[in-house]
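Structure first, commentary second.
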There are 2 protein chains.
Amino acid sequence: MKLADKKELLQKYLHEKGLKSTTQRDDIIDVFFKTSTHINLEELLKKVRRKNPKIGYATVYRTMKLLTECGIAMERQFGDGQTRYEHIPDDSHHDHCICVRCGRIMEFENQKIEHLQKEIADKLNFTVTNHKLELYGFCSKCGS
Amino acid sequence: MKLADKKELLQKYLHEKGLKSTTQRDDIIDVFFKTSTHINLEELLKKVRRKNPKIGYATVYRTMKLLTECGIAMERQFGDGQTRYEHIPDDSHHDHCICVRCGRIMEFENQKIEHLQKEIADKLNFTVTNHKLELYGFCSKCGS
DNA sequence: ATGATAATAAAAATTATTTTCAAAATCAAG
DNA sequence: CTTGATTTTGAAAATAATTTTTATTATCAT
């Protein structure tokens with residue numbers, strides 16, 4: 001999905017809920033879309049302030065919550081106490097094998113699993129916007 | 001793995017690290033093993049205090065961290081700001097749907113996916129000991 | 001343009017988690 | 001079994017992330 005489309009999605013969501021568009025929100029979404037990894041609030045705020053120095057951090061929190069609600073961003077917690085934000089992937093998606101001994105991370109992709117996920121979600125009346133699949137264990141080097 | 005074995009695992013870990021066994025830790029592990037879902041600290045503390053009313057919450061935090069370190073428990077964050085604790089699954093495993101709008105969590109289980117995971121891991125020469133599968137999106141109440 | 005409503009920045013408040021500290025418990029060695 | 005060094009504990013204080021409050025400003029349908 002292109003930036004323009006995401007912005008449109010946000011506008012639509014805002015309008016539905018009777019909320020208003022603001023330059024702050026636009027600035028934040030612009031900056032967020034230039035990031036490539038899972039960014040935490042502090043880093044994001046720093047980047048946002050390079051564009052618009054007066055933005056308060058509560059606004060960034062609020063906006064990221066909005067983006068999450070309308071399915072544009074995704075919150076992730078890796079257990080370090082901070083929430084990190086990530087783009088919702090456009091189409092394809094990769095999952096991870098993580099070696100608990102050496103920390104090696106291998107990526108994989110499997111259409112069958114993606115398909116089964118959709119099936120399960122349908123049964124639960126749940127609309128999936130994104131997923132996380134992580135396999136933990138021992139890589140070939142670290143044996144079992 | 002049986003409760004007795006888990007306790008032994010903890011004792012072994014404590015001894016290795018030069019730490020000591022205490023009744024509090026035993027009480028907490030006992031109570032934790034009677035829980036069935038992902039429990040947060042508050043709920044766990046409440047249950048623990050029914051057995052041993054004087055236990056402080058810092059002790060529960062400290063003990064759960066220990067259990068996590070020695071692979072008996074697992075910390076999970078679903079984005080509601082609280083850490084929840086779960087048993088390391090013995091064999092079967094349940095996965096989660098998480099609503100990004102209202103925070104509702106639904107569990108599911110799917111043998112086909114588990115099987116596909118094993119297949120993928122085999123191809124990568126990877127031995128899976130545990131996994132996490134989380135579907136994020138909108139629950140039936142929150143629509144799409 | 002106006003007026004009702006929502007959004008903002010900054011500060012204060014809240015919440016989960018961690019740390020501190022003095023007292024109590026553990027345990028290896030004598 | 002006692003000792004003594006060390007760890008653990010509970011309670012309270014401290015910390016860190018996030019949320020709420022409040023007065024002011026901005027938005028937008030009319």
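When rounded to the nearest whole Å, the span between CZ of A:R84 and C1' of D:dT18 equals 15 Å. What separates CG of A:L14 from P of D:dA29 is a distance of 12 Å, to the nearest Å. In this structure, CE of B:M64 is placed 14 Å from P of D:dT9, rounded to the nearest angstrom. Following rounding to the nearest Å, B:L19 (CG) and D:dA5 (P) show an atom-to-atom distance of 20 Å. Nucleotide D:dA17 holds its P atom 15 Å from the CG atom of A:L44, rounded to whole Å. Note: CG (A:D80) to P (D:dT15) measures 20 Å, nearest angstrom. Atom pair B:N40:CG and C:dT15:P shows a separation of 14 Å (rounding to whole Å applied). Atom CD1 in A:I28 sits about 13 Å away from atom P in C:dA7, given to the nearest Å.
Ring centroid separation for the pair B:H96 and B:F108 does not come in under the 6.0 Å cut-off. A ring-centre distance under 6.0 Å is found for B:H87 and B:F33.
Listed by chain and number, the residues in a side-chain contact (heavy atoms from CB on, under 4.5 Å) with B:K17 are B:Y13, B:L19 (sequence neighbours excluded).
Looking at heavy-atom distances under 4.0 Å, A:R62 makes contact with a base. Residue A:K17 is classed as having no contact, given no heavy-atom separation below 4.0 Å to the nucleic acid.
Shown for residues 31-39 of chain B: no residue has heavy atoms falling under 4.0 angstrom of DNA chain D.
Where A:H15 and B:G18 each meet DNA chain D at their nearest nucleotide, the meeting point lying more 5' is that of B:G18. Of the two residues contacting DNA chain C, namely A:S21 and B:Y57, the nearest-nucleotide position lying further toward the 5' end is that of A:S21.
Summarising the local packing, NZ of A:K47 is surrounded by 12 or fewer heavy atoms from other residues, nucleotides or ligands at distances under 6.0 Å. Within a 6.0 Å radius of NZ in A:K12, other residues, nucleotides and ligands contribute 12 heavy atoms or fewer. Around atom NZ of B:K132, more than 12 heavy atoms belonging to other residues, nucleotides or ligands sit under 6.0 Å away. For B:E8, the CD atom is loosely surrounded, since the number of other residues' heavy atoms within 6.0 Å does not exceed 12.
The side chain of B:K20 lies closest to C:dC27 when the candidates are D:dA17, C:dC27, C:dA7. Listed nucleotides: D:dA29, C:dT17, D:dT19. Nearest to the side chain of A:K65: D:dT19. Candidate nucleotides D:dT20, D:dA12, C:dT8 were compared by shortest atom distance to the side chain of A:A58, and D:dT20 ranks first. For A:T23, taking side-chain heavy atoms from C-beta onward, the closest of the listed nucleotides D:dT19, D:dT8, D:dT27 is D:dT27. With D:dT18, C:dT8, D:dT19 as the choices, the nucleotide that has an atom nearest any side-chain atom of A:Q24 turns out to be C:dT8. Out of D:dA5, C:dT8, D:dG10, the shortest distance to the side chain of B:T59 is found at D:dG10.
Screening B:K7, B:H15, B:Q11 for a side-chain hydrogen bond (donor to acceptor under 3.5 Å, both in side chains) involving B:S21 leaves a single residue, B:Q11.
Comparing the local axis fitted to the first five base pairs of the helix from C:dA1-D:dT30 to C:dG30-D:dC1 with the one fitted to its last five gives a bend of 40°, rounded to 10°.
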| task | Check step by step if side chain to side chain contact (heavy atoms under 4.5 Å, CB included) holds for A:E42 and A:K46. | result | CA-CA 6 Å; A:E42 203 189 324; A:K46 209 158 68 182; 5.8 Å; no
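Under the 3.5 Å distance criterion, with hydrogens and angles disregarded, a donor-acceptor pair is assigned to the side chains of B:H131 and B:Q117.
Neither OP1 nor OP2 of D:dT19 sits under 4.0 Å from any side-chain N or O of A:Y61.
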